[in-house]
Amino acid sequence: DAKTTQPNSMESNEEEPVHLPCNHSTISGTDYIHWYRQLPSQGPEYVIHGLTSNVNNRMASLAIAEDRKSSTLILHRATLRDAAVYYCILREDSGNTGKLIFGQGTTLQVKP
Amino acid sequence: GAGVSQSPRYKVAKRGQDVALRCDPISGHVSLFWYQQALGQGPEFLTYFQNEAQLDKSGLPSDRFFAERPEGSVSTLKIQRTQQEDSAVYLCASSLSGRTGTGELFFGEGSRLTVL
């Protein structure tokens, strides 16, 4: 399974933008880039996903490098409720189960 | 509508006991996944069902772990002769679609198993 590399932790101030980086240099052409986050004592929740083009939704934006070897999750205005572990995951589009393989993720702290 | 429901939320077992963890996925969801999450770690894949068929059980750590989804909806994860290293949160997730790179997984809140 393709692997991702993320910083262990990041800090942000409330109401400021946050850029969470992810490296995935071994990504294959059929891998989608998914982001999930996990709030304390909860199951992971979907944030966003993309293939090649940048994506926006109500929660966040996903910026994908042209060579697809890295991506950045952007929270436009962090709130205290955004404090969570953020996982960047490559998900296969063919063959197997489409299962998500989680890494260690980035623990985001948001300071008031 | 209801999300993914898991029960029990908390389970304490003595070493050697058998446990059963239940997952009620979102109605109509084809795919169902089980994950194990140790304290401070990311979730680790255990097994995958597409409807009632168990298509991937590569993540099950030993033959003490068994999962079923007999009618393609509710699933049960059974752990026989529990060991202390089985202590973890067991997460269930469901997805509307079958095997695909797109599509969102919906996770339950998990069942926290503590083996004494």
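Throughout, a chain's letter reflects where its sequence line sits, starting with A, and its residues are numbered from 1. Below, each value reflects all heavy atoms present in this structure, side chains not excepted, and no hydrogens, waters or symmetry copies. Everything numeric here is computed off the predicted structure, so don't read it as measured data.
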If hydrophobic clusters are built from ILVMFWY residues whose side chains come within less than 4.5 Å, do Leu100(A) and Leu32(B) share one?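 Cluster IDs for Leu100(A) and Leu32(B) differ.
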Thr47(B) vs Lys99(A) side-chain heavy atoms within contact, under 4.5 Å: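 They are not in contact (no side-chain heavy atoms under 4.5 Å apart), so the answer is no.
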Could you tell me whether the side chain of Glu104(B) reaches within less than 4.5 Å of the side chain of His34(A), counting heavy atoms only?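 No, too far: nothing below the 4.5 Å cut-off.
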Applying ring-ring contact (aromatic ring centres under 6.0 Å, His included) to Phe106(B) and Tyr46(A), what does each step give before you reach the verdict? CA-CA 7 Å; Phe106(B) 295 84; Tyr46(A) 169 83; 8.1 Å; no
Would one find more than 12 heavy atoms of other residues, nucleotides or ligands at under 6.0 Å from atom [atom1] of [X]?
X: Arg112(B); atom1: CZ; result: no
X: Glu66(A); atom1: CD; result: no
X: Gln104(A); atom1: CD; result: yes
X: Asp67(A); atom1: CG; result: yes
X: Arg15(B); atom1: CZ; result: no

Look at Pro44(A), Ser41(A), Gly43(A) and state which one has the largest set of heavy-atom pairs under 4.5 Å with chain B. Pro44(A)
What are the two closest non-hydrogen atoms of Gly42(B) and Tyr87(A), and how far apart are they?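 Gly42(B) and Tyr87(A) have their closest heavy atoms at CA-OH, 3.5 Å.
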Does the ring center of Phe102(A) lie less than 6.0 Å from the ring center of Phe45(B)?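 Distance test on ring centres: not under 6.0 Å, no.
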Under 4.5 Å heavy-atom distance to chain A, tell me which part of Gln37(B) shows up: side chain, backbone, both or neither.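 For Gln37(B), the contact with chain A is made by the side chain alone.
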Quick check on Leu91(B) against chain A: is it the side chain, the backbone, both or neither that has a heavy atom closer than 4.5 Å?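 For Leu91(B), side-chain heavy atoms alone lie under 4.5 Å from chain A.
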